There are 2 protein chains.
Amino acid sequence: MDEFDLIRRITPTETHQRSLVMGIGDDASVYQPHSHCEEVVCVDTMVEHVHFRFDFSTPFEIGFKALAVNVSDIAAMGGTPKYYLVSIAIPPHGDETVVSALYEGMKALADTYQMDLIGGDTVATHSDFIITVTVIGEVSKGKACYRHSAQTGDIVFVTGELGSSAAGLSLLMNELDSPKAVDTAFFLERHKKPQPHIAAGLICSSYSRVSLNDVSDGLASELNEIAEASHVTIEIDANKLPIHPDLPVLRKDWLEWVLFGGEDFVLTGTIPQADWDSFEMQCRKKDIQVKRIGQVKGDQAASVLLKDNEQQTMLMKKGYNHFKK
Amino acid sequence: MDEFDLIRRITPTETHQRSLVMGIGDDASVYQPHSHCEEVVCVDTMVEHVHFRFDFSTPFEIGFKALAVNVSDIAAMGGTPKYYLVSIAIPPHGDETVVSALYEGMKALADTYQMDLIGGDTVATHSDFIITVTVIGEVSKGKACYRHSAQTGDIVFVTGELGSSAAGLSLLMNELDSPKAVDTAFFLERHKKPQPHIAAGLICSSYSRVSLNDVSDGLASELNEIAEASHVTIEIDANKLPIHPDLPVLRKDWLEWVLFGGEDFVLTGTIPQADWDSFEMQCRKKDIQVKRIGQVKGDQAASVLLKDNEQQTMLMKKGYNHFKK
């Protein structure tokens with residue numbers, strides 16, 4: 001592979017952001033931040049055989065997802081993504097077609113949000129593909145949504161269906177007898193090409209106090225992080241968790257996927273009761289299927305409780321209270 | 001290795017930048033950019049056995065250099081580094097002591113510049129350590145130093161000695177019969193713990209028009225980049241290139257190191273003749289050994305010429321004109 005040829009291929013021929021002063025082509029990129037904004041930055045790495053497999057996803061889908069997981073972190077702060085930088089370690093089995101397709105997958109998502117690729121590096125490695133993406137976004141000054149913002153009485157919400165990505169992964173791994181009646185393509189798509197909830201995050205940031213996480217590690221894990229950071233107890237209702245109607249057809253204990261599956265990349269968080277009706281309406285206007293799933297309770301135990309009819313269980317980050325990590 | 005324990009260890013207990021709103025501990029970090037500044041961003045990856053070796057350098061030194069090469073890119077824009085994010089792929093042979101020392105090396109350099117670690121990721125890999133560092137800095141609005149700014153008549157300069165890092169690498173690889181009289185520790189240090197020239201870059205950015213690169217790939221390569229971006233011809237004088245007095249003792253054709261060795265991480269660039277005296281004085285005040293090494297010539301051939309007494313040679317990025325890449 002000719003590195004210079006590759007760099008030429010992946011360097012954008014045009015850019016979206018007017019605030020970009022100097023893109024790829026110097027020692028570093030330069031942009032002018034908006035004066036009423038704060039900058040939001042995150043980085044995430046995906047490793048072949050750990051986070052993705054070329055026999056499960058196309059290179060395009062893998063690139064798309066590598067950027068999506070980072071854009072989702074910006075969404076979880078209530079921010080708007082602006083720029084991204086990509087460092088990619090290429091093993092001997094990675095040819096130029098594969099590498100180009102990875103970048104095309106990223107570009108497809110980036111174009112949706114008018115994001116510009118402003119930096120990166122390509123290196124050779126001996127074993128697996130490793131893709132590291134840095135995303136820079138912006139949020140209006142003082143309007144970022146933090147995990148520590150939950151308070152007693154707040155309503156707990158999610159911005160979309162849970163468990164679909166985990167179901168998709170199970171289908172890919174041939175763990176299920178998938179009935180023909182089930183729309184398996186839907187679940188596969190949710191796993192392979194997750195859509196970050198930027199629009200929902202923006203609505204969240206327009207309210208005075210919303211705690212927020214994206215569901216990357218599973219609902220239980222995300223709510224535990226909010227409970228810990230906010231020193232509150234969060235109670236959710238198992239019967240209110242939004243799912244695709246086919247999910248229970250695929251697996252009897254589908255609630256495992258919903259609570260611990262992760263990679264749904266919907267947003268979950270809390271909002272004051274007084275703001276709920278307005279928040280719900282704003283979401284509906286944008287076709288965001290926000291759902292109320294529980295409430296923040298008045299003690300500081302920093303725990304997450306699952307109410308399932310008459311039963312109450314404590315949810316740990318990765319399992320029920322009777323599991324040990 | 002316990003990932004949570006590792007994250008706890010490397011998460012800063014205190015931060016430097018007052019503009020940091022939220023550091024590590026949420027989905028992304030948030031900071032308030034300075035209103036009179038532009039943001040400067042770069043990312044660079046170092047791979048074990050390609051860019052570093054644990055039998056040549058300590059983990060502390062490797063971490064130091066992984067951050068230094070990125071900080072040097074910020075210097076090459078005339079910027080000040082503020083924040084960094086680290087993604088690290090850890091192979092089975094990488095134990096917690098090694099990983100901690102890598103972060104300590106980065107922190108040692110970061111503290112020099114009051115930089116804060118604001119994000120990162122740790123993943124497992126099968127073969128080699130891979131360290132990806134993103135650095136965010138700032139530069140006063142409109143004051144970044146670009147490669148395309150060189151013009152006919154400008155003076156060409158470097159901000160320090162050349163070839164020392166390449167000499168250090170040769171010493172490490174046992175390629176030389178090193179005479180005992182030579183201060184080998186100096187050269188080894190230059191290779192293992194390069195110092196970014198932030199102060200020099202800041203002085204450059206205070207002038208109206210300075211073209212600038214850091215010497216990472218070798219002087220010939222950096223000057224070719226400036227010549228190409230600015231559409232000028234650059235002529236340098238072999239007798240004026242600053243070197244450590246012991247360099248010629250180590251190798252007869254030491255000029256190879258000086259022109260093509262790279263990793264010196266001094267800055268090279270061009271400045272209008274009218275600004276030279278003032279620029280030189282500003283540098284001297286800060287103990288920066290700036291040296292005039294040539295001049296920008298009045299044609300647009302985008303080439304770099306080396307004058308060596310009566311001889312003139314065309315310098316390609318990686319060799320003389322009689323070499324093919």
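Keep in mind that what you see is a predicted model, and the values were worked out from it rather than measured. We name chains A, B, ... by the order of the sequence lines, and we start the count at 1 in each one.
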Review point. Can a donor-acceptor pair be found between the side chains of A/T45 and B/S87 at a distance below 3.5 Å?
Key: yes
Study note, to complete from the structure: In terms of heavy-atom pairs under 4.5 Å with chain B, the winner among A/G119, A/A89, A/A144, A/G120 is A/G120
Practice item. Please report the C-alpha distance between B/D27 and A/Y146 in whole Å, then the side-chain angles of each, then the deciding distance to 0.1 Å, and finally whether the side chain to side chain contact (heavy atoms under 4.5 Å, CB included) criterion is met. Key: CA-CA 8 Å; B/D27 293 295; A/Y146 299 109; over 6 Å; no
Exercise for review: Pick one of side chain, backbone, both or neither for A/D214, based on which atoms fall under 4.5 Å of a heavy atom in chain B.
Suggested key: both
Practice item. Would you mind telling me which of A/C37, A/S35, A/S216, A/S72 has the largest number of heavy-atom pairs within less than 4.5 Å of chain B? Key: A/C37
Review point. Measuring heavy-atom distances to chain B, does A/V30 have an atom under 4.5 Å in its side chain, in its backbone, in both, or in neither?
Key: both
Point to revise | Audit row: B/Y84, A/V43, side chain to side chain contact (heavy atoms under 4.5 Å, CB included) steps and yes/no | key: CA-CA 10 Å; B/Y84 66 114; A/V43 64; over 6 Å; no
Study note, to complete from the structure: Taken to the nearest 0.5 Å, the spacing of B/D121 CG from A/M46 CE works out to 11.0 Å
Check your understanding: Which bit of A/A124 is near chain B, if near means a heavy-atom gap under 4.5 Å: side chain, backbone, both or neither?
Key -> backbone
Review point. Got a second to check how far A/Y31's OH is from B/E38's CD, nearest 0.5 Å?
Key: 11.0 Å
**Study point:** Heavy-atom pairs under 4.5 Å with chain B, option from A/V50, A/L212, A/V135, A/V123 with the top count
**Key:** A/V123
Point to revise | Per-residue contact mode, B/I88 against chain A (heavy atom under 4.5 angstrom) | key: neither
Practice item. Report the distance from atom CD of B/E39 to atom CD of A/E39, rounding to the nearest 0.5 Å. Key: 5.5 Å
Point to revise | chain B contacts, top residue of A/E138, A/H126, A/M77 (heavy-atom pairs, under 4.5 Å) | key: A/M77
Point to revise | Check against side chain to side chain contact (heavy atoms under 4.5 Å, CB included), B/L85 and A/V41 | key: CA-CA 9 Å; B/L85 303 91; A/V41 195; 3.8 Å; yes
Review point. For the candidates B/G142, B/S127, B/C145, B/G25, which exhibits the highest count of non-hydrogen atom pairs separated by less than 4.5 Å from chain A?
Key: B/S127
Revision key, fill the gap. Most heavy-atom pairs under 4.5 Å with chain A, out of B/D128, B/D26, B/V139, B/I74, belong to B/D26
Practice item. Using a 4.5 Å cut-off on heavy atoms from C-beta on, say whether the side chain of B/V40 contacts that of A/S29. Key: no
Exercise for review: Could you check A/R147 against B/M22 for side chain to side chain contact (heavy atoms under 4.5 Å, CB included), going step by step and ending with a plain yes or no?
Suggested key: CA-CA 11 Å; A/R147 291 176 186 167; B/M22 169 58 73; over 6 Å; no
Study note, to complete from the structure: Turns out that what part of A/A76 lies under 4.5 Å from chain B's heavy atoms comes down to both
Review point. Got a sec: does the NZ of B/K107 have more than 12 other heavy atoms crowding it under 6.0 Å?
Key: no
Review point. Contact part of A/T132 toward chain B, heavy-atom cut-off under 4.5 Å: side chain, backbone, both or neither?
Key: side chain
